[in-house]
Amino acid sequence: MTTPTLTPAIIDLIMDRYDDYYGGGYYGHDSVPGFWDVAVDYLGPDATLDDIINTVVDDLICNT
């Protein structure tokens, strides 16, 4: 399976979910690619797009 590509729309979606949780927060759009890479490495090649997005949002929230 191919790992989904991180796009500006996905970054916006992740940040919207993160901002909804915190009402604005510590991390910005430029932080997402690093968290994305960690999530992809952790979840492996069979991860779904939803799994990766949810993991990134959870990591952003937990690390704030």
Side-chain angles (χ1 to χ4, degrees):
M1 184 171 201
T2 303
T3 301
T5 302
L6 182 61
T7 65
I10 294 173
I11 292 173
D12 288 343
L13 173 69
I14 289 169
M15 290 308 300
D16 287 347
R17 290 187 185 177
Y18 173 67
D19 289 343
D20 285 348
Y21 186 84
Y22 269 106
Y26 179 78
Y27 293 106
H29 285 71
D30 59 337
S31 298
V32 173
F35 281 90
W36 180 270
D37 291 342
V38 170
V40 168
D41 287 344
Y42 174 74
L43 295 171
D46 294 329
T48 66
L49 179 59
D50 286 338
D51 290 340
I52 298 169
I53 290 171
N54 291 335
T55 300
V56 172
V57 172
D58 289 346
D59 285 349
L60 287 167
I61 291 168
C62 288
N63 286 289
T64 297

Output for pair (T64 OG1, D59 CG), nearest 0.5 Å, gives 10.0 Å
Heavy-atom closest pair (P4 atom, A47 atom, distance to 0.1 Å) is CD-O, 4.4 Å
So CZ of F35 and CG of L6: to nearest 0.5 Å the spacing works out to 13.0 Å
On a heavy-atom basis, the closest approach of V56 and A39 is CG2-CB, 3.8 Å
Residues at least two apart in sequence or cross-chain that pass ring pair (Phe, Tyr, Trp, His ring centres under 6.0 Å) with Y22, listed by chain then number, are Y18
Across all chains, not counting sequence neighbours, the side-chain hydrogen bond (donor to acceptor under 3.5 Å, both in side chains) partners of D37 are none
Side-chain donor-acceptor contacts of residues 24-32 below 3.5 Å, not counting sequence neighbours, with atom names and distances?
from : atom 1 : to  : atom 2 : distance (Å)
Y27  : OH     : N63 : O      : 3.1
H29  : NE2    : D12 : OD1    : 3.1

* Asked: If two hydrophobic side chains count as joined below 4.5 Å and joins carry through other members, does Y42 share a cluster with I53?
  -> yes
Within the 4.5 Å heavy-atom criterion, are R17 and I61 side-chain neighbours or not? no
- prompt: Cut-off 3.5 Å, side chains only: do T55 and D58 have a donor facing an acceptor?
  reply: no
In this structure, would V38 and I11 fall into the same cluster of hydrophobic residues linked by side-chain contacts under 4.5 Å? no
Paired with I52, the side-chain contact (heavy atoms from CB on, under 4.5 Å) test is passed by just one of I10, V57, L43, namely L43
